[in-house]
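We use all heavy atoms of the structure for the numbers below, so side chains are in, but hydrogens, waters and symmetry mates are not. Per chain, numbering begins at 1; letters A, B, ... match sequence-line order. Keep in mind it's a predicted model, so treat the numbers as computed, not measured.
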Amino acid sequence: MSFLEVILPLPLPGTFTYRYSPVLFPNPQIGARVIVQFGKRKIYTGIIHHVHDTVPDQYHPKEILDMVDQTPVVTAEQLSFFEWVSDYYMCSLGEVVNAAVPAGLKISSESYLSINPDIDVEELELTEKERIIINHLQSGDVTMNDMGKLLDIKSPYAHVKKLKEKNAIQVFEKVKDKYTPKQETWIRLTGHYAQEDQLNLLAAQLETKKKQLDVLLTYLKMVPILDDPSSNDEGISKKHLTNTGISISSLKTLTKNGVFEEWKKTVSRLDTLADTSQITVNLSTQQQQARDEIFQAFESKSTVLLHGVTGSGKTEIYISIIQDILESGGQVLYLLPEIALTTQIIKRLTRVFGKTFGVFHSKYSDNERVEVWQKVLQGEYNFVVGVRSAVFLPFNDLSLIIVDEEHEPSFKQYEPAPRYHARDAAIYLAAKYHAKVLLGTATPALETYKNALEGKYGLVSLESRFSNVDLPEVTFADLIKERKQRKIKGNFSSVLLGALKDILERNKQAILFQNRRGYAPYLTCDNCGYIPKCPHCDVSLTFHSYQNLLICHYCGYKSEVLSECVQCQSTEIKTMSYGTERIEEELELLLPTARIRRMDLDSTRSKYSYQKIIDEFEAGDIDILVGTQMVSKGLDFGNVELVGVFDADRMIHFPDFRSHERAYQLIHQVSGRAGRRDVRGQVVIQTNDPMQPLLAYLRRQDYIGFYRSEILEREQFRYPPFYRIIQITFKDPDKQVVGDAARYYGGILRKQLGDHRVMGPVEPMVSKIRNQYLFEITVKFEKQGINLRALKEFLLNSRNMLQSQRLYKSVRVYFDVDPV
DNA sequence: AGCACGCCGACT
DNA sequence: GTCGGCGTGCTC
Ligand SMILES: [Zn+2]
Ligand SMILES: [Zn+2]
């Protein structure tokens, strides 16, 4: 007997056993895909985890429906990596596979209803609802879900069952769309005409048919069949040929007459050209030295932190190292946060590596992601630049992983599971391949810097690209003082406004930074202060001006903009715009001559808008750029001499143990935009408390000083990197039930782990999402002397214990290991 | 997660 | 009575 253990992309523990016929499928490969039925009807794509011949005694395994691959699409190394992710981040293997494998490689089915053609529906006795179903089906098949919507009931199942019994309809499974290769129409000469003598004859015949002759001659110019007969094997793409302006109808005629033939060529969606440009990067002495130190450190350390100030040219060092690794035949993965993976960086890499590398971006279509996956699998890409999820690609000979801006919180995934951190997963993955990891940033995560200081990681510091760059001059605008003196205009202190005027007079550029958090636009009643909230979530609705809609960012709920306040019926409804937008508007009044642009999620929504703003700014067509986090990324803005920071206090005092670290990183990074070679930049930070210690470190751009003070706090208050955190979230539509469940679970933990290791349960800041109430417990525990495995085991067992209670059965419990 | 089954209240 | 909501258990 032959069985397969199959991973299904579902949030269920373990693998599932299926039978297969060795006659039909002689050599099942681990990591190959199989199509299986799971449950009564659903069809899924599973991944073969292993093959065995142990007959299960508890159940009868189903037989697989099909085997998709003869060779694995997931490598054995990946499978074991997936298992690590699932263990470490406390989720199911299926959830990892779901996140790792592009949707196009996983087909799944949907139930469709269709009318039975052999039956005369007129003769049947039908209820009203059944009649409606039949009527809908007469104009084509409908999915079970859609039918529910058409009937406006939760599930049409009961009626469908009746109709099935009456033999009036059928239910069948249809595969949802999956990866389809891109096809192009190509033109070539038919075999008969693909010879010199026949071509001459044909040319003579076409002497009077000028347009057809033109088509033939154009073709021969583009496909030099006489010099190189093999060039007619593929011919030329029809699009290419017709783009020359030839007569399309003449081409049609020639094709009809058997001169040309059309065929479908499978082409790549990815822009792959031969590696044409081999530009060597010229490193400065400092860069050269850092590069050497990195290689030196790799001799003894598998992970190295490159701590390089903003604008010190880390990217060039990466490029130089990547070239080295590729020359020696290794594979390289270069991870970037989403906002940093811009067309700029891709262009820059293209200049060096041609188009021989893969780009794995969340904005790309799933079909493109499938093609990157396949090219990595087939060894065609030895270099991939990508976001978080690119760690899951099927590398076979990984030599180096670069994690740029390693401190960025966006490397951690939150929803859905797996809640993994791409940097940490990369470090594990690298160890598996005996590969090296290079972490780069100007403001390391505290965890990372601690590891580097303790010698766990190598540490290479890069002061600046050139030796004559001064730190920017950082000044603080004391908002309290200015408020007393009535010098503040809207969001602007007189200090910042003065500096801006100066910049304008001198024809220089400025960047104004406003943190994104808490500045989404919303509507509010001017009379009573009412703010429209989502009926399903505990958040106010975000106002989207371009659609004129109110949208919930948690559940997607949409609502029309009401002209009247629901609370007081006042019609004085005011829009509170984006923080950046408000600043932009004020600025237009305060400095009417300035050319101002805004760069945030909202203004860069369309495909090229980001690039457009960058281009305009670089060309000097913008004086003041107002933006969020985005302005601290991207490439060198040459002429910036002033950076203004709004609302530093809100960042610093955000109620989270990482708020200092975050605030420091954000302000430090954006400050780095001020100044350039030979010119000292200026930074103005607006604050209510210019004396707070964090600002002193920022004034000196003193990361190490900041680290030293912050790390003491972390130790004292038992936070990472000294302690580990696992956050447990409880979810249920009944607030009382979740609260009780969380307290019950908390009780179990307290008893076993002690009060000091268990915090909560507490209601999170957003306490309801999609009609589910939330509670959170935070478990904090020492890094040393605790068996992490055993602890996780205990947490999982406690969840089982909780859910075996009748009352708490429906409560969802999930874990977030190392939350950020 | 998705689906079937079965129980129970509330409308024709 | 039967329709439709919802809770429960199971899926190889
Ligand atoms: Zn009102
Ligand atoms: Zn919502």
Side-chain angles (χ1 to χ4, degrees), chain A residues 1-20 28 34-67 86 91-99 103 106-113 125-133 143-165 171-176 415-418 731-734 737-738 741 770-772 800 802-814:
Chain A
M1 279 293 222
S2 313
F3 298 102
L4 302 173
E5 288 305 310
V6 174
I7 310 170
L8 294 177
L10 299 170
L12 300 172
T15 56
F16 296 87
T17 313
Y18 283 87
R19 257 179 321 124
Y20 76 101
V34 287
I35 307 296
V36 296
Q37 191 180 56
F38 186 66
K40 289 251 159 102
R41 47 173 27 102
K42 264 262 166 180
I43 292 166
Y44 291 100
T45 305
I47 308 280
I48 301 178
H49 182 273
H50 64 274
V51 186
H52 64 93
D53 50 14
T54 322
V55 185
D57 49 2
Q58 301 293 309
Y59 49 86
H60 289 289
K62 287 192 170 90
E63 184 156 355
I64 63 163
L65 301 176
D66 198 5
M67 191 170 299
S86 121
C91 64
S92 80
L93 198 48
E95 285 171 311
V96 182
V97 165
N98 213 9
K106 300 170 297 199
I107 63 152
S108 69
S109 71
E110 226 173 340
S111 299
Y112 272 76
L113 309 179
E125 270 185 44
L126 299 173
T127 65
E128 194 191 335
K129 281 268 154 68
E130 288 170 3
R131 176 67 61 195
I132 299 172
I133 293 180
T143 70
M144 190 85 88
N145 271 336
D146 290 348
M147 188 58 79
K149 279 177 208 150
L150 287 170
L151 299 181
D152 201 27
I153 53 175
K154 278 250 164 134
S155 163
Y157 186 76
H159 306 288
V160 166
K161 200 176 167 187
K162 289 269 166 60
L163 282 167
K164 242 174 84 180
E165 280 162 10
V171 182
F172 68 99
E173 294 297 296
K174 195 166 158 186
V175 160
K176 284 193 243 174
E415 204 94 270
K731 240 194 204 171
D732 194 89
D734 186 325
V737 170
V738 236
R770 293 173 191 271
N771 288 324
Q772 304 259 326
N800 293 341
L802 177 84
Q803 287 176 332
S804 65
Q805 312 267 323
R806 194 153 198 84
L807 260 168
Y808 306 139
K809 215 150 225 147
S810 64
V811 178
R812 303 255 147 223
V813 182
Y814 55 80

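Atom OH of Tyr112(A) and atom C1' of dG2(B) are 17 Å apart (whole Å). For the pair Glu128(A) CD and dT2(C) P, the interatomic distance rounds to 16 Å; values are reported in whole Å. In this structure, Leu8(A) atom CG and dG2(B) atom C1' are separated by 13 Å, rounded to whole Å. Whole-Å rounding puts the Lys161(A) NZ to dC3(B) P distance at 16 Å. Between Lys164(A) atom NZ and dC5(B) atom C1' there is a gap of 14 Å when expressed in whole angstrom units. Between the CD1 atom of Ile43(A) and the C1' atom of dC3(B) there is a distance of 14 Å, given to the nearest Å. A straight line from OH of Tyr157(A) to P of dC3(C) spans 16 Å, rounded to a whole angstrom. Rounded to whole Å, the distance from CG on Leu113(A) to C1' on dC3(B) is 14 Å.
Checked by atom type and distance alone, the side chain of Thr45(A) pairs as donor or acceptor with a backbone atom of Ile107(A) at under 3.5 Å. Tyr157(A) places no side-chain N or O within donor-acceptor distance of the main-chain N or O of Gly148(A), the cut-off being under 3.5 Å. Remark: the backbone N or O of Val6(A) is not paired with any side-chain donor or acceptor of Thr15(A) at under 3.5 angstrom. Judged by distance alone, the side chain of Ser92(A) and the main-chain N or O of Leu10(A) form a donor-acceptor pair under 3.5 Å. Distance alone, capped at 3.5 Å, places no donor-acceptor pair between the Lys164(A) side chain and the Val171(A) backbone.
The residue from Tyr44(A), Phe38(A), Phe3(A) that alone fulfils the ring-ring contact (aromatic ring centres under 6.0 Å, His included) condition with Phe16(A) is Phe38(A).
Between Arg41(A) and dA4(B) there is a side-chain polar atom (N or O) within less than 4.0 angstrom of OP1 or OP2.
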* Asked: What one-letter contact string describes nucleotides 4-11 of chain C from 5' to 3', where B marks a base within less than 4.0 Å of any protein heavy atom, S marks contact via sugar-phosphate atoms alone, and - marks no contact?
  -> SSS--S-B
